[in-house]
Amino acid sequence: MLRSIEVDYRFPPGIDPERQGKVIAIGQTAGTWDARFQHREEVMRSHLGEVINIQTDNQKYSIVTIAFPEANVENDIPSLLTMIFGKYSMAGSGKVIAVRLGENYGKRPKLGITGIRDRLEVPKRPLIMAIFKPALGLSAADHADILEQVAFAGLDLIKDDEILPDLPTAPTLERLKACRGVLDRVRSETGRNVLYAVNITGSAITLIEKARTLVKAGANALLLNVLTYGFSVLEAIASDPEINVPIFVHPAFAGSLCASPDHGLAYSVVLGTLMAHAGADAVLYPAHYGSLPFDPTEEAKIRDTLRSRNIFPVPSAGIHAGIIPQVLADYGNDVILNAGTGIMDHPDGPAAGVQTFKEVIMDNL
């Protein structure tokens with residue numbers, strides 16, 4: 001078991017890795033002190049970070065590994081980020097490419113892969129998720145009509161689009177109430193359960209109570225834009241015993257943190273490690289064969305990190321029936337196939353889109 005938190009930083013050629021490593025190890029922990037604090041020296045030394053390895057890759061980039069005392073943080077993601085990359089994130093070139101946390105650091109999912117499968121009563125096969133489209137402008141009744149088409153066709157899960165907040169045209173609670181009736185009819189008439197991940201939005205003052213209200217009103221899943229609302233919000237929702245539904249987390253805003261080759265944090269850190277230790281049950285992220293540019297190596301790291309903590313990987317963005325065989329070859333059965341236009345824009349309608357996904361999955365099992 002790790003007794004410290006290990007972080008790999010990558011620096012481009014021309015930067016002195018030993019010097020930068022020491023700057024981070026000391027400056028992001030206890031800092032320096034003088035004779036006035038000699039009586040506290042042993043305690044302060046116990047809080048210092050330490051450079052434990054320096055390597056050079058084949059592109060002449062330096063990889064510096066620093067060990068941070070776990071005692072410096074609060075077993076959460078915000079204090080972790082402040083320690084490993086707080087003010088140093090503004091100091092110039094340097095990127096966090098890996099974070100290794102202890103097994104018990106942070107939170108595990110309430111449900112994760114096994115719990116979501118139990119609630120859907122689907123023990124083995126890949127799951128199919130759709131997204132309400134168009135993203136904006138639909139009424140609550142429109143949402144219910146779309147859900148009826150795809151749910152009775154065999155869909156497992158559906159989610160709000162991440163850009164849909166609590167708008168007067170289709171207030172969140174009204175969308176839920178309209179769709180809850182469809183979910184109940186599907187269960188009554190087919191024996192199947194379908195999950196609807198409702199987008200949870202609002203101010204920090206009201207978010208937790210809003211999530212509780214939605215669950216009491218029948219929400220059986222939630223969607224959260226973690227990177228815009230904050231990891232503390234995810235941790236709070238995941239910790240609340242009244243919010244006993246799976247939390248699907250969206251990667252919105254990740255590019256601003258991860259896309260630069262020499263700054264920020266790797267996608268596998270933000271969408272893999274941090275989400276995996278913050279209480280997510282399922283994590284959406286771009287598939288490298290989809291509509292957004294994404295590195296297949298980073299995608300594989302995210303997939304493996306999430307699964308190691310019983311969290312569903314949800315490759316997204318441009319998923320359509322034609323790439324399902326490749327997705328299943330890479331992921332196997334423990335995957336949620338998330339499609340927006342790939343289902344909703346089928347020429348014969350959304351129900352036909354679901355049926356096509358089901359047929360391709362069965363052909364490739």
Side-chain angles (χ1 to χ4, degrees), residues 1-57 61-108 204 226-227 230-236 239 256-258 260 262-279 305 309:
M1 179 182 295
L2 281 176
R3 303 187 69 177
S4 61
I5 295 166
E6 294 182 3
V7 182
D8 293 343
Y9 298 83
R10 185 177 66 203
F11 300 108
I15 290 180
D16 182 340
E18 185 174 3
R19 179 183 178 280
Q20 293 301 93
K22 287 181 179 179
V23 167
I24 297 171
I26 296 171
Q28 291 294 136
T29 58
T32 58
W33 57 87
D34 58 26
R36 292 176 300 157
F37 299 100
Q38 188 172 2
H39 65 292
R40 298 290 296 167
E41 185 162 351
E42 184 178 349
V43 173
M44 287 186 287
R45 283 192 181 280
S46 73
H47 286 282
L48 283 173
E50 180 185 4
V51 177
I52 60 174
N53 192 37
I54 299 176
Q55 296 181 328
T56 303
D57 67 16
Y61 275 68
S62 300
I63 312 298
V64 177
T65 302
I66 299 175
F68 293 91
E70 195 171 299
N72 290 7
V73 289
E74 298 183 34
N75 198 42
D76 66 357
I77 301 304
S79 65
L80 171 75
L81 287 172
T82 304
M83 176 179 70
I84 67 173
F85 211 45
K87 65 178 180 288
Y88 185 80
S89 67
M90 298 176 276
S93 296
K95 184 163 186 169
V96 174
I97 60 169
V99 177
R100 290 178 287 282
L101 300 170
E103 190 71 17
N104 295 322
Y105 192 92
K107 302 187 182 305
R108 284 188 171 273
V226 175
L227 301 178
F231 279 100
S232 287
V233 173
L234 172 58
E235 291 167 337
S239 300
S256 64
L257 304 174
C258 306
S260 170
D262 294 335
H263 298 85
L265 303 95
Y267 282 109
S268 56
V269 171
V270 173
L271 302 178
T273 305
L274 301 184
M275 298 297 186
H277 287 263
T305 298
R309 292 179 67 82

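These numbers were taken from a predicted model, which means no experiment stands behind them.
Closest of all the heavy-atom pairs between Y9 and I84 is OH-O, 2.5 Å. In terms of heavy-atom proximity, N75 sits nearest to G106 at OD1-N, 2.8 Å. Here the closest non-hydrogen pair linking V270 and C258 is CG2-SG, 3.6 Å.
Taking CD from E6 and CG from D8, the interatomic distance works out to 7.5 Å, rounded to the nearest 0.5 Å. In this structure, D57 CG and I97 CD1 are separated by 8.0 Å, a value rounded to the nearest 0.5 Å. Annotation: the span from M44 atom CE to E42 atom CD amounts to 11.0 Å, rounded to 0.5 Å.
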Check against side chain to side chain contact (heavy atoms under 4.5 Å, CB included), Q20 and V64: CA-CA 9 Å; Q20 293 301 93; V64 177; over 6 Å; no

Y61/T56 under side chain to side chain contact (heavy atoms under 4.5 Å, CB included): CA gap, chis, key distance, verdict: CA-CA 6 Å; Y61 275 68; T56 303; over 6 Å; no

Please tabulate, for the side chains in residues 11-19, all donor-acceptor contacts under 3.5 angstrom to protein atoms that are two or more places apart in sequence or on a different chain.
from	atom 1	to	atom 2	distance (Å)
D16	OD1	E18	N	3.1
D16	OD1	R19	N	3.2

Show me the donor-acceptor pairs within less than 3.5 Å that the side chains of residues 22-30 make with the rest of the protein, sequence neighbours left out.
from	atom 1	to	atom 2	distance (Å)
Q28	OE1	Y88	N	3.1
Q28	NE2	T82	O	3.1
Q28	NE2	M83	O	2.7
T29	OG1	A25	O	2.5
T29	OG1	I26	O	3.3
T29	OG1	G49	N	3.1

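Y105 places no side-chain N or O within donor-acceptor distance of the main-chain N or O of R100, the cut-off being under 3.5 Å. For the pair N72 (side chain) and H47 (backbone), a donor-acceptor distance under 3.5 Å is present. Using a distance-only test at 3.5 Å, with no hydrogens or angles considered, no donor-acceptor pair links the side chain of D262 to the main chain of G94. With E235 contributing its side chain and I77 its backbone, the two residues share a donor-acceptor pair below 3.5 Å.
Not a single salt bridge (charged side-chain N to carboxylate O under 4.0 Å, His left out) links R10 to another residue, sequence neighbours left out.
Using a 4.5 Å cut-off on side-chain heavy atoms (C-beta onward), H263 and S93 make contact. Between V269 and L274 the shortest side-chain heavy-atom distance falls below 4.5 Å. Side chains of F231 and L81 form a contact here, defined as non-hydrogen atoms less than 4.5 Å apart. In this structure the side chain of I5 reaches within 4.5 angstrom of the side chain of L101, judged on heavy atoms.
Side-chain polar atoms of K95 and S260 form no donor-acceptor pair below 3.5 angstrom.
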